[in-house]
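The structure appears below as structure tokens.
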Amino acid sequence: GFWCLPVWVARRLGKTVWRDRLVRLCYKGILPILGVHLKTTGRLDEGRPLLVVSNHLSYLDVCILGSQAPVRFTPKSEIASWPLIGGICRLCGDVFVDRRPDKVRESGDALRAALARGEAVSLFPEATTGNGRHLLPFKSGFFSLAEEPVGERELLVQPAAIAYTRIRRLPVDSTQWPLLAWYGDMPLVPHLWELLKLGSVSAELVFLPATTLSEHGDRKHLAAHCRHAIAAALASVREAAVGRK
């Protein structure tokens, strides 16, 4: 849309702060169009280098997280060739990740370079979108970035929970998750159309305390800690939503 031009200009001029502010404004503008009412608890950690890990249900997650924090998302490399969306990801400074075994090192180097520049990087360690009913296992390989220092500093890892709590002001019930979660082979456009017809969706983003790999011993324990923290936050938020019924 019209916002692409100023973002492109800011990027060409090397004005990263300007670009990030424009991108956040765009995400903020998209949420009300989609009928999403967002509550945010906590804030992005100010320490760097910083990796943000969160649960993943839908394309909405990117809009929610991007509206509240200047982060570099990590779309899979295939998206780079998608019409329009690939170009938008490049404009936003996202880092494409190629998960093929012979490309893993190259992708890791690109992520470390972003972290070394002081940019917060966002990963979805479930590796795919879930159905909303259950939190998928976190793949510990996503936490390998924490095994090496970035420059001379240990990587901070901050869990963030994205919860969808209400549709039309009523708590989400078990039959409604397919209206919010985009997973499997669901076609995008029909799903988006059904989402727009919902009218009102309440969501909450919870930034949890940052941690480091040295506090947990290895990447598997770090992944388990982040998953447990996010699961607990999701349960707390959803329980509160039902209690306000």
Side-chain angles (χ1 to χ4, degrees), residues 27 31 36-47 49-76 97 111 115 120-147 154-166 171-172 174 176-178 180-183 201-244:
Y27 283 131
L31 291 180
V36 177
H37 302 274
L38 179 63
K39 174 185 176 182
T40 301
T41 302
R43 58 186 299 179
L44 189 73
D45 197 287
E46 295 181 357
L50 180 66
L51 177 68
V52 180
V53 295
S54 56
N55 57 307
H56 197 20
L57 272 77
S58 169
Y59 43 82
L60 286 177
D61 302 338
V62 172
C63 297
I64 286 173
L65 191 52
S67 72
Q68 301 301 304
V71 296
R72 299 287 176 262
F73 291 105
T74 51
K76 56 186 180 181
V97 175
L111 293 174
L115 291 167
V121 171
S122 169
L123 285 175
F124 297 115
E126 291 170 283
T128 187
T129 49
N131 62 15
R133 297 181 180 89
H134 307 287
L135 190 62
L136 299 175
F138 280 14
K139 296 185 180 298
S140 64
F142 282 83
F143 295 82
S144 61
L145 287 169
E147 293 181 324
E154 187 174 15
L155 181 65
L156 289 169
V157 180
Q158 183 173 22
I162 302 172
Y164 297 91
T165 56
R166 291 170 174 265
V172 179
S174 59
Q176 294 175 313
W177 282 115
L180 298 173
W182 183 58
Y183 59 96
V201 174
S202 297
E204 185 165 346
L205 172 63
V206 182
F207 287 109
L208 298 160
T211 187
T212 61
L213 184 141
S214 62
E215 294 182 44
H216 304 281
D218 57 40
R219 71 186 191 191
K220 290 186 177 181
H221 287 93
L222 175 60
H225 164 81
C226 291
R227 186 179 185 276
H228 176 77
I230 290 172
L234 291 174
S236 177
V237 169
R238 289 171 179 172
E239 183 179 350
V242 172
R244 293 193 301 267

Seminar exercise, completed: Per side chain to side chain contact (heavy atoms under 4.5 Å, CB included), Leu180 is matched among Leu57, Val172, Val36, Asn131 by Val172
Problem set entry | Leu123 and its side chain to side chain contact (heavy atoms under 4.5 Å, CB included) partner, picked from Val71, Leu145, Val157 | Leu145
For this session: Look only at the side chain of Thr74 and the backbone of Ser122, and say whether a donor-acceptor pair between them is shorter than 3.5 Å.
Result: yes
Seminar exercise, completed: Scanning both residues in full, the closest heavy-atom pair of Ile162 with Leu234 reads O-CD2, 3.4 Å
For this session: Indicate whether any N or O donor in one side chain lies under 3.5 Å from an N or O acceptor in the other, for Thr211 and His216.
Result: yes
Seminar exercise, completed: What one should report as the nearest heavy-atom pair of Thr40 and Gln68 is OG1-OE1, 3.2 Å
Exercise. Does a sphere of radius 6.0 Å around CZ in Arg43 hold more than 12 heavy atoms from other residues, nucleotides or ligands, not counting ones at 6.0 Å or beyond?
Worked result: no
For this session: Measure from the side-chain N and O atoms of Arg227 to the backbone N and O of Pro125, and report whether any donor-acceptor pair falls under 3.5 Å.
Result: no
For this session: Anything under 30° is parallel, anything over 60° is perpendicular, the rest tilted; go ahead and classify Tyr27 against Phe73.
Result: perpendicular
Seminar exercise, completed: What one should report as the nearest heavy-atom pair of Ala161 and Ala233 is CB-CB, 3.8 Å
Problem set entry | Atom of Thr165, atom of Ala241 and distance for their closest heavy-atom approach | CB-CB, 3.8 Å
For this session: Check Ser54 against Leu65 and note the closest heavy-atom contact, atom names and distance.
Result: OG-CD2, 4.1 Å
For this session: Can you sort out the partners of Phe138 under ring-ring contact (aromatic ring centres under 6.0 Å, His included), two or more places apart, ordered by chain and number?
Result: none
For this session: With the side chain counted from C-beta on, respond yes when Phe142 and Phe124 share a heavy-atom pair under 4.5 Å apart, and no when they do not.
Result: no
Seminar exercise, completed: Heavy-atom closest pair (Ala120 atom, Leu44 atom, distance to 0.1 Å) is CB-CD2, 4.4 Å
Exercise. Tell me, which pairs form a salt bridge (charged side-chain N to carboxylate O under 4.0 Å, His left out) where one or both residues lie in residues 137-147, sequence neighbours left out?
Worked result: Glu147-Arg219
